[in-house]
Participant: 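Right, I'll just put the structure down here and ask away after.
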Amino acid sequence: IAGITQAPTSQILAAGRRMTLRCTQDMRHNAMYWYRQDLGLGLRLIHYSNTAGTTGKGEVPDGYSVSRANTDDFPLTLASAVPSQTSVYFCASSDGNTGELFFGEGSRLTVL
Amino acid sequence: GQNIDQPTEMTATEGAIVQINCTYQTSGFNGLFWYQQHAGEAPTFLSYNVLDGLEEKGRFSSFLSRSKGYSYLLLKELQMKDSASYLCAVRDGDYKLSFGAGTTVTVRA
């Protein structure tokens, strides 16, 4: 059972570079989410998608973009990375019945 | 938006009971979740409350009072493996989940 797969697991990149974090789920969940987790701040919602073809902004969307071309994939793109985007990024999908989130293992991103 | 508050840290002894409180203020409410997160790992689901009252799952119980904007997670018979961060999260009408900053529980022998 794969659930949610994120890639890469860890990445170091130079400021100004473009970076896409990949997220794929095999549970056929309609809703998907991207969160970032920083010490002392908890999980903060970046972008979300309630169904394929639609996306919405979360609490901290600036500097990030997402697309949802199909049910399974929900990539997160940093167009021009900045050091403040150093964080652990979690992708999640939601069961429509209970709203319970299922999380990927996270992607640790360091921007220098 | 959501405003979710929970204590930063708690320490307890193995075999004891610990109660983690969570208060929230939301513009829309559609359920409250508790997640457990061990260091370096992804959060995992513990409990879900949408109606007032107590939900019990083995050693863990969760309580909700919607009128007070209050929930707690009760951990009984603490074990060393329960040392983790516990996240309170509130779901709004759009099925988006907002999280508190988390409570780090340390269990000591």
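Note on naming: letters A, B, ... go to the chains in the order of the sequence lines (proteins, then strands), and numbering restarts at 1 for each one. These numbers come from the heavy atoms of this one structure, side chains and all, not from hydrogens, waters or symmetry mates.
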Participant: Any side-chain heavy-atom pair from B/F33 and A/L101 closer than 4.5 angstrom?
Facilitator: no

Participant: Please check if the number of heavy atoms outside B/R108 that lie under 6.0 Å from its CZ is greater than 12.
Facilitator: no

Participant: Are A/F74 and A/L76 co-members of a hydrophobic cluster defined by side-chain heavy atoms under 4.5 Å apart?
Facilitator: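 The answer is yes; both residues are in one hydrophobic cluster.
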
Participant: Taking atom CZ of B/R66 as the centre, does the number of heavy atoms from other residues, nucleotides or ligands within less than 6.0 Å exceed 12?
Facilitator: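 It does: B/R66 CZ has more than 12 such atoms within range.
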
Participant: Near B/Q19 CD, under 6.0 Å, is it more than 12 heavy atoms from other residues, nucleotides or ligands?
Facilitator: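 Count over threshold, so yes.
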
Participant: Tell me whether B/L75 shares a hydrophobic cluster with B/Y72, the cluster being built from Ile, Leu, Val, Met, Phe, Trp, Tyr side chains joined at under 4.5 Å.
Facilitator: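 In one cluster: no.
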
Participant: Side chain, backbone, both or neither: which part of B/L97 has a heavy atom under 4.5 Å from chain A?
Facilitator: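 For B/L97, backbone and side chain are both near chain A.
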
Participant: Under 4.5 Å, heavy atom to heavy atom: which of residues 36-61 of chain A reach chain B? Give them by number, or say none.
Facilitator: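 Contacts with chain B: A/Q37, A/G40, A/L41, A/G42, A/L43, A/L45, A/Y48, A/N50.
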
Participant: Can B/I20 be reached from B/V90 by stepping across I, L, V, M, F, W or Y side chains whose heavy atoms are under 4.5 Å apart?
Facilitator: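 Yes, B/V90 connects to B/I20 through the hydrophobic network.
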
Participant: Where do B/A42 and A/F90 come nearest, in terms of heavy atoms and distance?
Facilitator: CA-CE2, 3.6 Å

Participant: Taking B/F45 as the starting point, is it possible to reach A/Y35 by hopping between hydrophobic residues whose side chains are less than 4.5 Å apart?
Facilitator: yes

Participant: Side-chain heavy atoms under 4.5 angstrom apart, residues restricted to Ile, Leu, Val, Met, Phe, Trp, Tyr: same cluster for A/Y89 and A/I4?
Facilitator: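 Cluster IDs for A/Y89 and A/I4 differ.
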
Participant: So if I take each residue of residues 103-112 of chain A and look for any heavy atom under 4.5 Å from a heavy atom in chain B, which residues do I end up with?
Facilitator: A/F103, A/G104, A/E105

